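Here the structure comes first, spelled out in structure tokens, and everything after it is commentary.
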Amino acid sequence: MPKDEQLVPTSANELLKPESSLDGIAARRMEQHGDRNFQVGEIGNFTQNVSVLVMPSKKQESKAVISDALMVDNDYFHLVVVGGCSPESGVVTVSKEYALTASTAEEVTKELATLSPEAIEVLKTYPALIMGKNKHYGRADASQNALYGFITDIIELDEAVELHFQVLNRIPQQTVLSLADSLAIQRAYAWNELDDTHWAVKKVKLTEVLKGAGVRVFTMA
């Protein structure tokens, strides 16, 4: 099993140009070949480079091709909260009004919210937590789970964005809420970010926070 490869990023002004980075977000381009593989065609600067094995789920209904080897940037993570549909299907839809518009790292909104092909390839390198809205306002039900995994495809619709993803772990949503401050999840008295449908990207090392709290997550780090 290969060790993580650590590369020191260089500074530059723009995210989506080769050999450039912005606040640690790397520019990169990956080309897909074959039925189950991604071949990396061009990579800028990664703050962290980890190989992750992604295994298909029987419940997965996404049309996206699943990568056997994926380049991962652990400096950021997706937080996706949905209502009215089950994340267990492997596909969720978020209104464009709530997609990367609030509670999101400023540099991500500036550089990636365009959802250009290059931006989508960068977004797909971030791990993700995907879940339904809290069943009780301000708190999750004991039966609710957050899905940890990776977004495999991002499709723009007329008024919404469709996210396809692969699940690696299920984590009690109450556990996620208990780590709200460490995960940059906004909260106030009797309210928290998991009460509202939205798609955000947090500048937080998700796997480090989860492992530090004793939560087991499937990686090869």
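Worth saying up front: this structure is predicted, and the values here are computed from it rather than measured.
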message = With a 4.5 Å cut-off on side-chain heavy atoms, are Ile151 and Ile154 touching?
response = yes
query = Counting distance only, does the side-chain N/O of His78 pair as donor-acceptor with the main-chain N or O of Phe150 below 3.5 Å?
reply = no
remark   = Here the pair of heavy atoms bringing Tyr148 nearest to Pro127 is CE1-CB, 4.0 Å
Val215/Val209 under side chain to side chain contact (heavy atoms under 4.5 Å, CB included): CA gap, chis, key distance, verdict = CA-CA 9 Å; Val215 178; Val209 172; over 6 Å; no
task = Report the C-alpha distance between Val94 and Val80 in whole Å, list the side-chain angles of each, state the deciding distance to 0.1 Å, and finish with yes or no for side chain to side chain contact (heavy atoms under 4.5 Å, CB included).
result = CA-CA 8 Å; Val94 180; Val80 183; 4.2 Å; yes
inquiry  = Give me the atom names and distance for the closest heavy-atom approach of Val122 to Thr125.
reply    = O-OG1, 2.6 Å
query = Is any side-chain heavy atom of Val201 less than 4.5 Å from a side-chain heavy atom of Leu100?
reply = yes
request  = Decide side chain to side chain contact (heavy atoms under 4.5 Å, CB included) for Thr93 and Val82; before the verdict, give the C-alpha distance in whole Å, the side-chain angles of both, and the deciding distance to 0.1 Å.
outcome  = CA-CA 8 Å; Thr93 302; Val82 295; over 6 Å; no
inquiry  = Treating Gln186 as the side-chain partner and Leu194 as the backbone partner, does any N or O pair qualify as donor plus acceptor under 3.5 Å?
reply    = no
Polar side-chain atom of Gln144 near backbone of Lys135 as donor-acceptor pair, under 3.5 Å = yes
task = Grab the two heavy atoms, one from Gly132 and one from Pro87, that are nearest each other, plus how far apart they are.
result = N-CG, 3.8 Å
Non-hydrogen side-chain atoms of Asn145 and Ile171 separated by less than 4.5 Å = no
key: Heavy-atom donor-acceptor pair, Thr109 side chain to Thr101 backbone, under 3.5 Å   = no
task = Would you confirm whether Ser95, through its side chain, and Ala160, through its main-chain N or O, come within 3.5 Å as a donor-acceptor pair?
result = no
task = Evaluate the side-chain proximity of Met131 to Leu147: yes if any heavy-atom separation is below 4.5 Å, no if none is.
result = no
ask   = Applying salt bridge (Lys or Arg N to Asp or Glu O under 4.0 Å), which residue pairs with at least one partner in residues 183-195 are found, sequence neighbours left out?
value = Asp181-Arg187, Glu193-Lys202
key: Test item: Met71 and Lys124 side chains (from C-beta on) under 4.5 Å apart, heavy atoms   = no
key: side chain to side chain contact (heavy atoms under 4.5 Å, CB included) between Leu206 and Val217, worked out   = CA-CA 10 Å; Leu206 173 63; Val217 290; over 6 Å; no
inquiry  = Going by side chain to side chain donor-acceptor pair (under 3.5 Å), name the residues that satisfy it together with Glu156, two or more places apart in sequence or in a different chain.
reply    = Lys96
message = Whether Glu107 and Lys110 form a salt bridge (side-chain N of Lys/Arg under 4.0 Å from carboxylate O of Asp/Glu) is what I want to check.
response = no
query = Can you check whether Gln174 reaches Asp141 side chain to side chain, under 4.5 Å on heavy atoms?
reply = no
Lys133 with Asp196: basic N within carboxylate O range, under 4.0 Å = no
task = Please check if the distance between the ring centroids of Tyr76 and Tyr126 is under 6.0 Å.
result = yes
key: Trp199 side chain near Leu123 side chain, heavy-atom distance below 4.5 Å   = yes
query = Ser182 versus Val204: any side-chain heavy-atom pair under 4.5 Å?
reply = no
ask   = Which atom pair, heavy atoms only, marks the closest approach of Ala140 to Leu177?
value = N-CD1, 3.6 Å
